[in-house]
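Below: the structure, in structure tokens.
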2 protein chains.
Amino acid sequence: MMIGELARHSGLSVDTLRYYEKIGLVPPPLRDTGGRRVYDAAALRWLGFLERLKATGLGMRERLRYAELRVRPGVASVRERREMLEQHRDKVAADLQRLTDTLALLDDKVALYRRIESGEVADPVAPMAEAAIGGGAARRRKEVA
Amino acid sequence: MMIGELARHSGLSVDTLRYYEKIGLVPPPLRDTGGRRVYDAAALRWLGFLERLKATGLGMRERLRYAELRVRPGVASVRERREMLEQHRDKVAADLQRLTDTLALLDDKVALYRRIESGEVADPVAPMAEAAIGGGAARRRKEVA
DNA sequence: CTGGGAGCTGGAGCGCGCTCCAGGTCAACA
DNA sequence: TGTTGACCTGGAGCGCGCTCCAGCTCCCAG
């Protein structure tokens with residue numbers, strides 16, 4: 001397939017695809033007689049995997065490193081890729097936990113706002129005099145508006 | 001507390017804190033007689049919440065909007081905040097699903113690499129002749145290296 | 001054989017989210 | 001009273017990850 005079709009299928013722009021090639025994130029594809037890029041299904045699969053790595057927070061630097069390893073033969077390359085994936089796996093697992101926690105927090109806050117909207121509790125708009133009273137370091141300084 | 005202490009507690013840099021204030025993400029704190037910013041515990045809590053919103057993918061634009069609403073009294077503000085949080089909640093829930101899927105994918109890939117490393121299966125280094133044979137659009141074009 | 005659409009290259013530009021700097025003030029401590 | 005270090009402001013700079021552009025070639029339909 002040509003670059004336009006790959007763009008449609010991958011959801012990336014044509015410019016982005018050429019940019020990815022330039023920086024080495026995707027291998028240079030074959031060219032037809034007119035010098036136009038011709039991609040195969042493997043390219044699309046690779047972009048899909050890259051997208052998942054990116055969406056789960058793997059940085060550009062690491063994605064580049066992984067891409068580089070991917071085109072290098074040898075067990076050393078495989079080992080380093082595995083290690084990267086394991087490390088990333090752990091990060092994803094941690095994110096999963098934080099996401100779960102945040103989900104609960106958001107649900108709590110939404111419930112609170114609902115109670116405020118229904119007039120069940122007061123809107124705690126300003127944080128009361130709390131700020132002006134303060135504790136700790138603030139007490140050691142003269143305060144003014 | 002002064003800005004340096006807030007920076008240490010929040011994990012943000014002093015510059016970032018001042019930047020956040022400039023763009024309106026955090027409200028301007030009180031100042032002491034020397035013109036130095038004096039923060040209270042509420043500021044730290046707000047930064048913590050902001051951080052969670054950010055870490056779970058809420059964009060700067062939305063965080064700014066939320067920050068703006070937060071200092072506005074009235075039930076309309078509360079309602080909009082609730083709606084934002086509900087919407088974000090749904091996004092987080094979706095991310096949670098994708099993260100779970102990716103975790104499984106990573107585990108699979110790690111397992112595969114382990115088998116390759118142990119010599120149990122061959123290293124599928126180049127995607128074979130697949131690319132050169134091609135299917136679909138590629139066949140309609142003359143091909144060249 | 002002509003017109004239009006897709007693709008090509010090299011390079012400039014851009015928005016985000018900080019980050020750094022110069023040049024100064026101020027407060028605490030010795 | 002002098003030194004030190006945290007803090008102040010305004011503004012420039014920066015790295016990332018694209019995105020856009022000019023000016024060109026090529027292919028295919030009509």
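This one's a predicted model, so the numbers in the text were calculated from it and none came from an experiment. Every heavy atom of this structure was used, including side-chain atoms; hydrogens, water molecules and symmetry mates were not. We name chains A, B, ... by the order of the sequence lines, and we start the count at 1 in each one.
Rounded to a whole Å, the CE atom of A:M2 is 12 Å from the C1' atom of C:dG5. D:dG10 atom P lies 11 Å from atom CD of B:E21, rounded to whole Å. Whole-Å rounding puts the A:I23 CD1 to C:dG10 P distance at 16 Å. D:dT9 atom P lies 9 Å from atom CD1 of B:I3, rounded to whole Å. Between the C1' atom of D:dC7 and the CG atom of B:L17 lies a distance of 13 Å, rounded to the nearest Å. Here the P atom of nucleotide D:dA12 and the NZ atom of B:K22 are 11 Å apart, to the nearest Å. In this structure, the OH atom of B:Y39 is 13 Å from the C1' atom of D:dA6, given to the nearest Å. In this entry the distance linking CG of B:D15 with C1' of D:dG10 reads 12 Å, nearest Å.
Looking at A:D107, its side chain never comes within 3.5 Å of a backbone N or O of A:V110 through a donor-acceptor pair. The backbone N or O of B:M84 sits nowhere less than 3.5 Å from a side-chain atom of B:H88 that would complete a donor-acceptor pair. For the pair A:D40 (side chain) and A:A43 (backbone), a donor-acceptor distance under 3.5 Å is present.
Comparing C:dT9, D:dC27, D:dC18 against the side chain of A:K54 picks out D:dC18 as the nearest. Which of D:dC7, C:dC8, D:dC21 sits closest to the side chain of A:R31 comes down to C:dC8.
Between B:M60 and B:G35, the one whose closest nucleotide on DNA chain C sits nearer the 5' end is B:M60. Residue whose closest nucleotide on DNA chain D sits further toward the 5' end, between B:V14 and A:T16: B:V14.
Dashed line: the shortest gap from a side-chain N or O of A:R37 to OP1 or OP2 of D:dC26 is not under 4.0 Å. Distances shorter than 4.0 Å separate none of the side-chain N or O atoms of B:Y19 from OP1 or OP2 on C:dC20. Distances shown here put every side-chain N or O of B:R36 at or beyond 4.0 Å from the OP1 or OP2 atom of C:dC26. Between A:T33 and D:dC27 there is a side-chain polar atom (N or O) within less than 4.0 angstrom of OP1 or OP2.
Counting any heavy atom pair closer than 4.0 Å across all strands shown, B:R18 reaches a base atom.
The aromatic rings of B:Y113 and A:Y66 are tilted relative to each other, their planes meeting at an angle between 30° and 60°.
Using a 3.5 Å distance cut-off with no hydrogens or angles, the side chains of B:R81 and B:S77 do pair a donor with an acceptor.
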